Amino acid sequence: MEWSNEACIELIHEYELKPVLWNPSHEYYFSKTKKQEAWEEIAKNINKDIEDVKQKHSLLGSYPREKSKVLKTIGTGKVCLFPTKNMCNQFNTAMLASMEQPEIKLNSIDEIDCPRYLKKRANEVLKKNEDDSSLTAGLENILTIKIGARVMLRRNIDVSKGLVNGSIGNIENIHWDVDNSNRARKITIQFKHNLIYELERVKTKFQILSNAYVHREQFPICLAYAITIHKSQGLSLDSALLEIGSSVFTKGQAYVGPSRVKTLDGVHLINLDPSQIKSQESSIVEYNRLRTLYRPDLAKLNINRKRVKKIPDSEWAIHSNILKVQENINNNTKKKL
């Protein structure tokens with residue numbers, strides 16, 4: 001059955017209004033009867049068959065994909081700001097999968113510099129660290145992209161042209177090596193103000209063991225449909241889709257995210273939990289000190305220690321621990337086969 005974007009958005013909205021389906025703390029969360037009633041009500045409200053509704057939603061698995069459709073209806077220039085890397089990875093994967101163009105994988109060119117007796121251990125550590133690019137100097141082992149995909153620079157390339165760490169653009173073309181047709185030589189990216197730039201691989205060196213180093217060549221980019229709130233610091237955005245729910249894990253995140261957006265009209269919230277809007281007490285103390293010295297006419301800021309009621313999230317991303325369990329199951333299944 002064909003689903004329009006409007007129907008997908010309607011399904012997401014109805015699902016969010018039924019916490020019995022997604023909130024473990026709900027009193028009827030473990031009641032099959034109540035959940036069935038909720039699904040029936042959703043199907044009735046959006047005028048769809050209940051089995052079609054369940055299949056389309058596929059619980060948490062398809063929710064990121066439907067969220068990507070919401071982003072498309074808001075506009076193609078929007079960026080999503082999420083608290084965690086796990087959320088960003090899921091959303092970026094969903095957005096990439098929604099594109100019709102063929103998938104392209106770009107492997108890094110690596111050389112391990114270490115004594116022979118450390119070679120095996122160094123390879124094991126490098127493989128283990130690949131899931132976290134912060135441990136590999138910000139360069140991915142494998143970049144999965146498509147023509148037209150939105151990407152972000154992870155290095156300062158040309159400050160005079162504004163091509164700095166955090167600049168966002170879209171891939172226009174990939175130039176392949178003449179001597180090795182499987183190896184990309186350059187990537188043409190269009191940035192804002194119609195700036196076209198041919199990006200080459202960068203070379204870097206990072207340490208993985210006390211006497212082992214990796215020399216890596218790779219394009220300094222990552223998918224940028226969603227980026228972490230931490231990574232967004234310094235950006236100035238016209239519009240953004242924001243997650244400021246229970247996944248916020250440190251003070252100040254709920255401020256940094258929305259403050260990246262130029263106007264209130266450009267702020268689009270997936271979740272908002274007021275209990276997560278916190279600031280460092282030491283920062284408030286410093287503000288008051290400076291006001292006393294230089295602006296005594298301004299009132300001092302109060303430190304609020306009152307508890308704020310938590311608001312449950314509309315769950316849309318699979319938790320990282322669940323993903324790890326699924327990955328382990330898949331790996332064990334492959335080994336048996």
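Treat the numbers as computed from the prediction; the structure is a model and nothing was measured.
- In plain terms, the two heavy atoms of Leu195 and Lys161 that are nearest each other are CD2-O, 3.6 Å.
- With Asn92 contributing its side chain and Cys88 its backbone, the two residues share a donor-acceptor pair below 3.5 Å.
- Inspection of the Thr136 and Asn129 side chains reveals no N or O donor paired with an N or O acceptor under 3.5 Å.
- In this structure, Leu199 and Phe219 approach most closely via the heavy-atom pair O-CE2, 3.4 Å.
- Ion pairing between Glu281 and Arg305 holds under the 4.0 Å rule for side-chain N and carboxylate O.
- Arg291 has its side chain out of reach of Lys300: every pair of non-hydrogen atoms, C-beta onward, lies at least 4.5 Å apart.
- Counted by atom type alone, Asp110 and Ser108 present one or more donor-acceptor pairs between their side chains at under 3.5 Å.
- Ion pairing of Glu103 with Lys105 is present here, as a side-chain N (NZ or NE/NH1/NH2) and a carboxylate O approach within less than 4.0 Å.
- Proximity of a side-chain donor or acceptor of Asp158 to a complementary backbone N or O of Ser160 within less than 3.5 Å is detected.
- At least one side-chain heavy atom of Val214 sits under 4.5 Å from a side-chain heavy atom of Leu126.
- With a 4.5 Å cut-off on side-chain heavy atoms, Tyr197 and Ile189 do not count as touching.
- The closest side-chain heavy-atom distance from Phe191 to Asn170 is not below 4.5 Å.
- Distance alone, capped at 3.5 Å, is enough to place a donor-acceptor pair between the Asn288 side chain and the Leu301 backbone.
- A donor-acceptor pair under 3.5 Å links the side-chain atoms of Lys146 to the main chain of Gln101, judged by distance alone.
- Between Leu209 and Cys114, every side-chain heavy-atom pair lies at or beyond the 4.5 Å cut-off.
- At a threshold of 4.5 Å between side-chain heavy atoms, the hydrophobic network of Ile, Leu, Val, Met, Phe, Trp and Tyr places Leu298 and Tyr287 in two separate groups.
- At a threshold of 4.5 Å between non-hydrogen side-chain atoms, the residues Leu269 and Val267 count as touching.
- For the residue pair Tyr225 and Met99, the shortest heavy atom distance occurs at OH-SD, 3.3 Å.
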Residues Val248, Asp273; criterion side-chain contact (heavy atoms from CB on, under 4.5 Å); working and verdict: CA-CA 9 Å; Val248 169; Asp273 184 357; over 6 Å; no
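- Between the side chain of Gln276 and the backbone N or O of Leu272, no donor-acceptor pair lies under 3.5 Å.
- Of the possible polar contacts, one joining the Arg216 side chain to the Leu139 backbone as a donor-acceptor pair under 3.5 Å is found.
- Minimum heavy-atom separation, Glu14 to Ile46: CG-CG2, 3.8 Å.
- Looking only at side-chain heavy atoms (C-beta outward), Leu96 and Leu223 come within less than 4.5 Å of each other.
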Derivation of the side-chain contact (heavy atoms from CB on, under 4.5 Å) call for Val202 and Gln218: CA-CA 6 Å; Val202 297; Gln218 182 60 289; 6.0 Å; no
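- Summarising the geometry of Leu242 relative to Gly257, their closest heavy-atom pair is CD2-C, 3.6 Å, with the distance given to 0.1 Å.
- Listed for the Asp113 side chain is no donor-acceptor partner under 3.5 Å among the backbone atoms of Tyr213.
- Partners of Glu124 under the side-chain hydrogen bond (donor to acceptor under 3.5 Å, both in side chains) rule, at least two apart in sequence or in another chain, do not exist in this structure.
- Looking at Gln90, its side chain never comes within 3.5 Å of a backbone N or O of Met87 through a donor-acceptor pair.
- Both Val261 and Ile277 belong to a single network of hydrophobic side chains, linked directly or stepwise wherever heavy atoms of I, L, V, M, F, W or Y lie under 4.5 Å apart.
- The closest donor-acceptor contact from the side chain of Ser232 to the backbone of Leu235 lies at 3.5 Å or more, if one exists at all.
- Considering all non-hydrogen atoms of both residues, Ala224 and Val151 come closest at CB-C, 3.6 Å.
- Asp132 has a carboxylate O that lies under 4.0 Å from a charged side-chain N of Lys85, or vice versa, which qualifies the two as a salt bridge.
- With ring centers used as reference points, Phe91 lies under 6.0 Å from Phe82.
- With Arg155 as reference, Thr204 is the one residue of Thr204, Asn165, Val164 to meet the side-chain contact (heavy atoms from CB on, under 4.5 Å) rule.
- Ion pairing between Arg201 and Glu217 fails under the 4.0 Å rule for side-chain N and carboxylate O.
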Stepwise side-chain contact (heavy atoms from CB on, under 4.5 Å) check, Arg154 with Glu140: CA-CA 11 Å; Arg154 305 192 69 173; Glu140 305 280 355; 3.5 Å; yes
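- The neighbour count for Phe206 CZ, taken as heavy atoms of other residues, nucleotides or ligands under 6.0 Å away, is above 12.
- Within a 6.0 Å sphere centred on CG of Leu264, heavy atoms belonging to other residues, nucleotides or ligands number 12 at most.
- The closest side-chain heavy-atom distance from Lys231 to Met152 is below 4.5 Å.
- In this structure, Lys251 places its NZ atom where more than 12 heavy-atom neighbours from other residues, nucleotides or ligands lie under 6.0 Å away.
- Judged by distance alone, the side chain of Lys119 and the main-chain N or O of Ile112 form a donor-acceptor pair under 3.5 Å.
- Rounded to the nearest 0.5 Å, atoms CG (Asn211) and CG (Leu118) are 6.5 Å apart.
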Derivation and outcome, side-chain contact (heavy atoms from CB on, under 4.5 Å), residues Thr188 and Ile196: CA-CA 7 Å; Thr188 301; Ile196 307 295; 3.5 Å; yes
